[in-house]
Amino acid sequence: MTFLHSPGRGHRHGRDRRAAVVPAPDGRARFTGEAAPTAAVVGGGIAGLAAATLLAERGVRVTLHESEPSLGGRLSGRPTELADGTTVTMSRGFHAFFRQYYNLRGLLRRVDPGLDSLIRLPDYPLRHSSGLHDSFARVPRTPPLSAMGFVALSPTFGLRDLARMNPRAALPLLDVRVPEVYERLDSISAHDFLARIRFPEAAHHLAFEVFSRSFFADPRELSAAELVLMFHIYFLGSSEGLLFDVPDEPFPTALWDPLHRYLEGHGTDVRTRTPVRQVRPRPDGGLDLTTDDRTTRYDALVLALDSGGLRRVVAASPELGDADWRAGIDRLRTAPPFLVSRLWLDRPVAYDRPGFLGTSGYGPLDNVSVLDRWEGEAARWARRTRGSVVELHAYAVAPDADRGAVQAEVLRQLHRIYPETLSARIVDERHEWRADCPMFPVGGYRDRPGVRTPDPAVTVAGDMVRTGLPVALMERAATSGFLAANALLERWGVRGQTLWTVPRAGRSAVLRRLAALGDG
């Protein structure tokens, strides 16, 4: 039952041969001795961890402030005791570590050079309530064969569908660049863009709605630019495809506890349960950071908070930045609430169920994970009890929804998808409700902060930050964290870190020429 699909390890050291390099700022190798500056990193998610890691490696005296009890941000976890007395980890839900996440993988290699803690899942299956299924296992990875292969293999594309499409309106997909894609498409929604190109309705619901909801947003509210950027990252820009890896143990065990030790080994003062309340620039160029119990001076600051946290800190720090920057931060939006339900069942799900399944048309349910297919902790519990551990996600839930009703409905939909679970007894369950993901609304790109701020001693990192690079989700968080550290290191004349992205334009000259026809 455990590791049913025999997933392989995710330790690919190579990258797309056309991946783009982002050169590091040059300078001396690192600081040495007590002359090193001090820096505070506020936020212990992926972005903050990336920034703190690079700064600490270069000899900066770093203090990492995290308001939660543990590191990891939206990939954090906490121990909880089940009704049977077992202590397990409850996390904030499934995350896919795609092969295009070069900079995130570079962060993880600090503590796991071979990425042996990641294992490969064999497919990214999708299922619609109408009975349609899609899969990416057999889709070629090299563009443009990837997109052509998806169309050829997908049951959602018929000859009539292809004949109805508006190929001229779809041409922007062939040459995606940042920030140009936002200048062209941030003013319309993902839903309206797909309608403009007359994308087949079935494929719209089964494939692209699943992707758009990975931003925790309804496609009618999501900027088309974000959706098109995703298309570039996974289909026409990169040869890495849509297959991914997952950690073989809970996030804290596999990822963040080792990185926490790594940071402390480089002299970082990691302070969890320590929210920063206010930042005040000083006349000498430094900054005072105030927490609940002290005010401390630092030479530099990285704000690696979620949208809501960044708004709160900036609102409480009236001297930080300038009026335009502060107004943009104040307009940042947070995505609607999402639910993670984890169920410990007294019997296994059917042997052929995938480890992960994206769903559409099943009410609020967006995906189903069978954790004991890959996660060691869940597998050990399932093996001992002859049960299974199942996780359900519901994204973009209406803020005024009855949460108990939503929890009951995602369970009912699980029973529709995997009928064998209807007779299973729930040994225990945990339900995690959060509303701290960034929203990428139509027309919202102009308000998103860049890495640099009006104060050269202050940088910003996070998955909502404008990087000028074709990155998204966890990779945007990691990339922005490294860029934030690079900006500070450049100011101090210290060498930064070289970064990588998928190609920064259409992959081939032919595709770029075709895309140019759409501008005529």
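Note that the structure is predicted; figures quoted are calculated from it, not measured. The figures that follow rest on heavy atoms only: side chains count, while hydrogens, waters and symmetry mates do not. In this chain, numbering begins with 1 at the start of the sequence shown.
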Handout entry: Presence of salt bridge, D292 and R294, under 4.0 angstrom
Key = no
Between S91 and the options R78, E432, R342, the side chain to side chain donor-acceptor pair (under 3.5 Å) test singles out R342
| Less than 4.0 Å between a side-chain N and a carboxylate O, is that true for R74 and D306? | no
Residues D436, R92: salt bridge by 4.0 Å N-O rule: yes
If we count only N and O atoms by modelled type, under 3.5 Å, do the side chains of D455 and T453 hold a donor and an acceptor together?
no
- Task: Keeping the roles fixed (side chain from R326, backbone from S317), state whether a donor-acceptor pair exists under 3.5 Å.
- Result: yes
>> Around atom CZ of R280, are there more than 12 heavy atoms from other residues, nucleotides or ligands closer than 6.0 Å?
In response: no
Partner of F244 under ring-ring contact (aromatic ring centres under 6.0 Å, His included), picked from F97, Y124, Y234, is Y124
Please check if any side-chain donor atom of T295 sits under 3.5 Å from a side-chain acceptor atom of D288, or the reverse.
-> no
| Can F338 and V397 be said to form a side-chain contact (heavy atoms from CB on, under 4.5 Å), step by step? | CA-CA 6 Å; F338 66 93; V397 178; 5.6 Å; no
d(E221 CD, H191 NE2) to nearest 0.5 Å is 12.0 Å
Using modelled atom types only, decide if a donor and an acceptor are shared between the side chain of H232 and the backbone of P503 within a distance under 3.5 Å.
yes
For A435 and P337 the tightest heavy-atom approach is CB-CA, 3.9 Å
CG of L499 to CG of N103, rounded to nearest 0.5 Å, is 4.5 Å
Check: Stepwise, does the salt bridge (charged side-chain N to carboxylate O under 4.0 Å, His left out) test hold for R448 with E226?
Finding: CA-CA 13 Å; R448 288 160 55 184; E226 288 293 333; 2.8 Å; yes
- When you check the side-chain N and O atoms of T274 and H65, is any donor under 3.5 Å from an acceptor? no
Applying side-chain hydrogen bond (donor to acceptor under 3.5 Å, both in side chains) to S307 and not counting sequence neighbours gives none
